[in-house]
Amino acid sequence: MARPRIRHNDHGLLQPPDPGGWTPELSVSVVIPAHDYHDRLDLTLAALSAQSYPAELLEVVVVDDGSTPPVRLPEIRPEHTRLVTAGPDGWGPGHALRRGVDVAEGTIIHRLDADMVACREEVELHLRWHHLADYLVVLGHRLMVDFTSGDLTPEQVRDAVAGGSSGELYDAATATPNHWIDAVSRETDGLREAGPSVGTTLVGASMSVPAALLRAAGGVDPRLTHGEDTELGYRLSQAGAVFVPEAGATSWHLGASGLLRDPEGTVRHNRPYLADLVPTLRLARRGVARQWTVPYVDVVIDANGAGHEAVCASVDAALDGGVPDVRVTLLGPWDELGGQRRDVLTEELVDARLTRVHYRGEGRVRFATSAGRDSFPVPFRFTCRAGWRVHPGALSRLVRWADAQRLAAVTLDLPDGGELGRLERTALVRRAALLSPESTDLDGVLDEIGGVDRVDAPEWGTGEPPGPNDLSIDNLLTLLEEQGLRPPRPAP
């Protein structure tokens with residue numbers, strides 16, 4: 001499979017073949033989480049039994065998520081269909097989908113809800129894109145219709161799909177589309193011009209993704225019982241995915257979605273979960289400076305061999321950089337700080353020990369021995385030399401500017417020719433590593449798929465070394481004197 005270098009989300013350079021005019025090679029697993037809805041599931045499987053995609057490359061995994069009575073496979077179904085249970089250690093669509101993905105054997109995972117009647121070419125239309133690049137997320141199209149049990153029989157659905165007339169099963173003029181997602185697609189030329197939040201357009205009712213990419217993104221979060229598709233879309237975008245809407249892959253959604261049935265309750269329920277896990281939903285975090293499970297920017301500072309005061313200057317500046325949901329990762333020999341007897345004032349690791357104690361109560365600071373390639377799933381990483389700092393608000397301005405320009409990376413240059421730091425966008429760093437894993441010219445790939453810029457650090461309000469107001473020995477002694485804890489020093 002080729003790996004074309006797609007810039008941002010502009011999938012326009014890919015030219016998928018017309019249905020029926022190509023030879024499929026990739027295997028696909030259609031994973032269907034099912035909780036009750038037995039009659040609708042029968043129709044979903046009947047539609048899948050008449051797909052244009054080769055039967056030998058298509059398997060269906062139905063995951064029974066605690067249905068009452070238990071799900072049973074109907075007579076009309078695809079040849080390679082399996083039924084598994086979600087297991088007793090959880091419940092909900094996220095849990096069931098993860099179970100299905102775990103046992104699926106296909107190269108591509110195609111999620112489909114248990115109340116969808118897909119058109120004949122639905123699977124083929126998804127898969128034709130995946131044959132062109134292995135880091136795509138393809139989004140199907142659904143039309144919601146009123147449904148009453150008994151409206152259709154599995155035989156009727158199978159025959160209509162096989163004959164290419166599934167579009168006549170219901171009246172599209174009276175169906176309800178995905179209004180806001182369709183609007184986003186129209187306004188962004190089919191998502192080709194969509195920004196960094198493109199992942200939030202993922203709707204789990206009909207989507208497909210390479211199994212390897214899904215695993216690289218951490219898989220489906222089994223803890224989420226609602227909104228799991230939006231959270232997964234975010235992580236897939238951070239893993240480097242390009243999102244492609246496939247309007248032709250249309251399915252009838254039998255009944256209204258949960259959002260349409262109770263929009264206020266659904267939004268109220270999902271808001272805290274998504275605000276905690278999806279930092280690119282900036283409005284959900286507006287108005288409060290606090291910690292979240294997934295921060296917006298990870299500031300990585302190498303404290304190895306650096307003085308305690310210099311490290312503090314950089315950490316404190318990062319925490320005051322104008323990004324309320326920032327995290328600081330300090331790299332150092334923290335695992336070597338044992339409790340053995342030592343000369344506490346002159347030991348070799350005294351600076352590291354002081355830094356560790358100084359920030360042990362600060363929840364926004366974590367200690368690590370290595371940084372890794374990126375800060376996934378955090379959308380931005382800023383690396384900074386210990387002893388240098390950004391001025392208050394400068395980090396926030398830098399991130400906003402990089403976002404407005406959709407840059408993959410920004411390097412802050414110092415007047416002496418050195419570098420103060422570097423801001424990187426996780427989504428494009430991950431994609432660059434996927435596209436060219438052996439490349440020694442990461443910036444070349446990043447520039448091609450997103451853009452790399454170099455700016456003058458002082459112009460961004462950064463680059464000033466520790467000054468007289470920083471934590472220093474003299475300032476500490478002065479503080480002790482002011483508190484009456486140390487006799488005044490003699491005048492020089």
Side-chain angles (χ1 to χ4, degrees), residues 4-16 111 122 125-126 128-130 132-144 175-210 213 217 227 229-251 253 257 259 267 270 274 278-284 286 296 377 379-380 399-408 425-432 434-435 446-451 453:
R5 295 186 177 183
I6 299 174
R7 186 174 180 84
H8 300 304
N9 204 70
D10 188 3
H11 52 79
L13 62 87
L14 303 178
Q15 298 298 319
R111 175 183 173 173
E122 205 269 352
L125 288 168
H126 276 260
R128 64 177 185 157
W129 288 99
H130 292 297
L132 303 178
D134 65 352
Y135 58 100
L136 305 181
V137 176
V138 181
L139 312 175
H141 183 66
R142 64 176 177 171
L143 292 171
M144 287 169 277
T176 303
N178 293 313
H179 290 295
W180 78 270
I181 294 177
D182 292 345
V184 170
S185 183
R186 288 192 301 270
E187 294 169 1
T188 59
D189 190 16
L191 301 185
R192 290 177 60 181
E193 300 175 4
S197 295
V198 62
T200 58
T201 61
L202 188 148
V203 173
S206 174
M207 57 80 69
S208 59
V209 59
L213 180 62
D229 46 2
T230 301
E231 190 276 336
L232 176 60
Y234 165 74
R235 279 189 290 110
L236 286 170
S237 69
Q238 297 308 307
V242 168
F243 290 74
V244 180
E246 176 49 76
T250 300
S251 300
H253 189 285
S257 66
L259 178 61
V267 171
N270 291 353
L274 297 181
V278 184
T280 53
L281 296 175
R282 301 310 289 160
L283 289 178
R286 184 177 59 180
Y296 192 50
F380 288 102
V399 171
R400 289 199 305 269
W401 180 76
D403 232 9
Q405 303 297 319
R406 301 184 186 179
L407 294 170
R425 186 184 300 277
T426 300
L428 294 181
V429 170
R430 280 271 174 131
R431 187 185 302 175
L434 177 69
L435 293 174
L446 288 175
D447 193 43
E448 188 174 350
I449 64 175
D453 203 0

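Computed from a prediction, not measured in an experiment: that's the story for all the values here. Note that these values count all heavy atoms, side chains included, but never hydrogens, waters or copies made by symmetry.
Of all heavy-atom pairs between L236 and A217, the closest is CD2-CB, 3.7 Å. Here the shortest heavy-atom pairing between A432 and I449 reads N-CD1, 3.9 Å. Closest heavy-atom contact between A175 and P177: O-CD, 3.6 Å. Taking every heavy atom of both residues into account, R7 and R431 meet most closely at C-NH1, 4.2 Å.
Side-chain contact between L14 and P4: present, with at least one pair of heavy atoms (C-beta onward) separated by less than 4.5 Å. Using a 4.5 Å cut-off on side-chain heavy atoms (C-beta onward), Y234 and P379 make contact. At least one side-chain heavy atom of P245 sits less than 4.5 Å from a side-chain heavy atom of H11. Two residues are said to be in side-chain contact when any heavy atoms from C-beta on lie closer than 4.5 Å; L407 and W401 meet this criterion.
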Would you check, one step at a time, whether the test side chain to side chain contact (heavy atoms under 4.5 Å, CB included) holds for V203 with R142?
-> CA-CA 10 Å; V203 173; R142 64 176 177 171; 3.8 Å; yes

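Side-chain atoms of Y296 do not come within 3.5 Å of backbone N or O of R282 as any donor-acceptor pair. No donor-acceptor pair under 3.5 Å is formed between the side chain of R406 and the backbone N or O of P196.
Of the listed residues (V209, L191, L136), just one forms a side chain to side chain contact (heavy atoms under 4.5 Å, CB included) with F243, and that residue is L191. When each of L139, V137, V138 is tested with S208 by the rule side chain to side chain contact (heavy atoms under 4.5 Å, CB included), just one qualifies, namely V138. When E122, H141, H253 are each tested for a side chain to side chain donor-acceptor pair (under 3.5 Å) with S206, only one passes: E122.
Sequence neighbours left out, the pairs with a member in residues 230-239 that pass salt bridge (Lys or Arg N to Asp or Glu O under 4.0 Å) are E231-R235.
How far OG1 of T280 is from CG of L274: 10.0 Å, rounded to the nearest 0.5 Å. Note that OG1 of T200 and CG of D229 are 10.5 Å apart. Values are rounded to the nearest 0.5 Å. For the atom pair CD (Q15) and CG (L13), the distance works out to 8.0 Å, reported to the nearest 0.5 Å. Atom CZ of R5 sits about 10.0 Å away from atom CG of L446, to the nearest 0.5 Å. Taking CD from Q238 and CG from L428, the interatomic distance works out to 9.0 Å, rounded to the nearest 0.5 Å. Of the inter-residue distances, the one linking T230 atom OG1 with L281 atom CG reads 8.0 Å to the nearest 0.5 angstrom.
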